[in-house]
Protein chains: 2
Amino acid sequence: MYDYIEILMHIAKKGLFDVIKTSTLKIASELDVSQQTVSRDLRDMEKLGLIKREATPNGISIVLDEKGIDFLKKHFNELNKIFERKKELCGLITKGIGEGSYYVGLDGYQGQFKKKLGFKAYPGTLNIKVDEKDALSFLNSSEMIGISDFSTKKRTYGTLKCYKIKINGINGAIVVPERARHGKEIIEIIAPVYLRDKLGLKENQKVKLSL
Amino acid sequence: MYDYIEILMHIAKKGLFDVIKTSTLKIASELDVSQQTVSRDLRDMEKLGLIKREATPNGISIVLDEKGIDFLKKHFNELNKIFERKKELCGLITKGIGEGSYYVGLDGYQGQFKKKLGFKAYPGTLNIKVDEKDALSFLNSSEMIGISDFSTKKRTYGTLKCYKIKINGINGAIVVPERARHGKEIIEIIAPVYLRDKLGLKENQKVKLSL
DNA sequence: ATTACTAACAGGCGAGTAA
DNA sequence: TTTACTCGCCTGTTAGTAA
């Protein structure tokens, strides 16, 4: 069944319920295989009940049949489970290693923060200790915003990956340096305000991040 | 890339970010191929950067690598577009052909309606003319509730597919006979009340169905 | 137990071509 | 132009084993 997923996807993209008028040669070039392979595959797929097909001397009409749609649907459901969105992430306030504070304050970053995140960052990061897998799932389900690298006369500052979040309700962003200095069990948060004061946070206190 | 989708899915199902401890033989039997094929494929996938792999004389550890996750994610996004949920469906009130009215009133169906849909149906159907493709998309994004067939001494009554909906805000259900008597450009609605009166509906009036 | 090499084999692929 | 058949080739698969 998975043998045909590429062709199934190709048809489905043009319309899950539409009758596609095309030709084996066209599909062949789109999928980068030979006309003969497409012809054979489509006939096989018809036999399996994945598609309905009508071949004429000047083209071919295809629609997904019930089994084809069901297969894609089932496959889609599996992916849905795999990518199940994590909408919250909990962690504990942790002592910063101090590095982030310096970097995020730099103008080369601040301009981009303002433009891409909508705020200038308080020059310091709040470090939060989280479960690494939970963090990955959480980050995975939010949109990555790229912050470009830049150089001064002295040195180069690397690119950052940012993810907009709310922390205890306040807007902020997770910042992940491309070249991470620590593992992903500690994440760094920036925000337009000094979060420790604003939220009255203390060491080891629990906080909740949301999308 | 699609060559490896089955194995990628297999790994991802066990945990998108987890290190899977398993063996080539185990995967082989789960995917119904030979141990050698799994071994070769995993090595190839590692070369392509789809997974990270650690093989020992007593098993193998696998994690999805960045490229593998990206591929699945991209694929997932394509499916998301394909199955984009239609949350509303508009149509025009149409004269019933009258058949439905008789059937839905039968006890063999009514008991199941009560149990599975939560209401006994007013013995009549409201017929709505809709765009066939829109209808398919709409039905496709709502859950199918199966109503079993049953027999009397005289004859057999076929199975029905039902889909819970709201029509102009009132709870009801679309009923599709397994053996459709008319094309899918006309759909039949049942509800606990007589919809024509309740909603003050007239021929050719526009109505809105929602999930 | 494992993984993975080698070698034999089967089946899929595409070039050529008929209809 | 099409689709689709035949057939040779080559790739991917598996059986047998080594490590």
Side-chain angles (χ1 to χ4, degrees), chain A residues 1-15 17-68 71-72 75, chain B residues 1-15 17-68 71-72 75:
Chain A
M1 217 68 153
Y2 272 100
D3 302 349
Y4 301 113
I5 192 167
E6 211 166 349
I7 297 190
L8 281 175
M9 289 290 292
H10 190 75
I11 300 169
K13 272 185 216 169
K14 305 205 175 184
F17 303 108
D18 294 354
V19 177
I20 314 295
K21 286 201 158 228
T22 179
S23 79
T24 52
L25 197 66
K26 197 171 167 230
I27 298 176
S29 78
E30 286 162 345
L31 296 184
D32 201 33
V33 289
S34 72
Q35 175 270 324
Q36 291 87 338
T37 295
V38 173
S39 173
R40 184 170 19 78
D41 283 355
L42 288 177
R43 277 174 280 141
D44 291 347
M45 288 166 74
E46 186 177 33
K47 275 181 203 153
L48 289 171
L50 294 172
I51 60 168
K52 287 178 196 157
R53 195 182 62 99
E54 199 154 356
T56 72
N58 47 267
I60 200 168
S61 296
I62 328 172
V63 215
L64 288 179
D65 203 348
E66 210 168 319
K67 274 192 193 173
F71 170 74
L72 284 179
H75 177 63
Chain B
M1 216 69 152
Y2 271 101
D3 302 349
Y4 301 113
I5 191 168
E6 210 165 349
I7 298 190
L8 280 176
M9 288 290 293
H10 190 75
I11 299 169
K13 272 186 216 169
K14 305 204 176 186
F17 304 106
D18 295 353
V19 177
I20 314 295
K21 287 201 158 228
T22 179
S23 79
T24 52
L25 198 67
K26 196 170 168 232
I27 298 177
S29 77
E30 286 161 346
L31 296 184
D32 201 34
V33 289
S34 72
Q35 175 270 322
Q36 292 86 338
T37 294
V38 174
S39 173
R40 182 173 22 79
D41 283 356
L42 289 178
R43 276 174 281 142
D44 291 348
M45 288 166 74
E46 187 176 32
K47 275 181 202 154
L48 289 171
L50 294 172
I51 60 167
K52 287 178 195 155
R53 196 182 62 99
E54 199 153 358
T56 72
N58 47 267
I60 198 167
S61 296
I62 328 171
V63 215
L64 289 179
D65 203 348
E66 209 168 320
K67 275 193 192 171
F71 171 73
L72 284 180
H75 177 63

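Lettering of chains follows the sequences in order, A, B, ..., and the numbering in each one begins at 1.
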Side chain A:Gln36 and base C:dG16 donor-acceptor under 3.5 Å
yes
Interatomic distance, [X] [atom1] vs [N] [atom2] [rounded to whole Å]:
{"X": "B:Asp32", "N": "D:dT13", "atom1": "CG", "atom2": "P", "answer": "13 Å"}
{"X": "B:Arg43", "N": "D:dT13", "atom1": "CZ", "atom2": "P", "answer": "12 Å"}
{"X": "B:Asp3", "N": "D:dG12", "atom1": "CG", "atom2": "P", "answer": "8 Å"}
{"X": "A:Leu31", "N": "C:dC13", "atom1": "CG", "atom2": "C1'", "answer": "15 Å"}
{"X": "B:Leu25", "N": "D:dT14", "atom1": "CG", "atom2": "P", "answer": "12 Å"}
{"X": "B:Lys26", "N": "C:dA1", "atom1": "NZ", "atom2": "C1'", "answer": "15 Å"}
{"X": "B:Asp44", "N": "D:dG12", "atom1": "CG", "atom2": "P", "answer": "8 Å"}
{"X": "B:Gln35", "N": "D:dA15", "atom1": "CD", "atom2": "P", "answer": "11 Å"}

Single hit among A:Ile60, A:Thr24, A:Thr22, A:Leu25 for side-chain contact (heavy atoms from CB on, under 4.5 Å) with A:Val38
A:Thr24
Where do B:Phe71 and B:Tyr2 land on the ring pair (Phe, Tyr, Trp, His ring centres under 6.0 Å) test, with the steps shown first?
CA-CA 9 Å; B:Phe71 171 73; B:Tyr2 271 101; 5.3 Å; yes
Within a strict 4.5 Å, meaning less than it, do heavy atoms of the A:Ile5 and B:His75 side chains meet?
yes
Can you check whether B:Thr37 reaches B:Leu31 side chain to side chain, under 4.5 Å on heavy atoms?
no
Look at the side-chain N and O atoms of [X] and state whether any lies under 4.0 Å from the OP1 or OP2 oxygen of [N].
{"X": "A:Arg53", "N": "D:dT3", "value": "no"}
{"X": "B:Ser39", "N": "C:dT3", "value": "no"}
{"X": "B:Thr24", "N": "C:dT3", "value": "yes"}
{"X": "A:Arg40", "N": "D:dC7", "value": "no"}
{"X": "A:Thr37", "N": "C:dG14", "value": "yes"}

Out of C:dG12, C:dT3, D:dT14, whichever nucleotide has its closest atom nearest the side chain of B:Ala55
C:dT3
So if I take every side-chain heavy atom of B:Asp41 and compare against C:dC13, C:dT3, D:dT13, which nucleotide ends up nearest?
D:dT13
Take B:Lys14 and B:Glu30 through the test salt bridge (charged side-chain N to carboxylate O under 4.0 Å, His left out) and record every step on the way to the result.
CA-CA 13 Å; B:Lys14 305 204 176 186; B:Glu30 286 161 346; 3.6 Å; yes
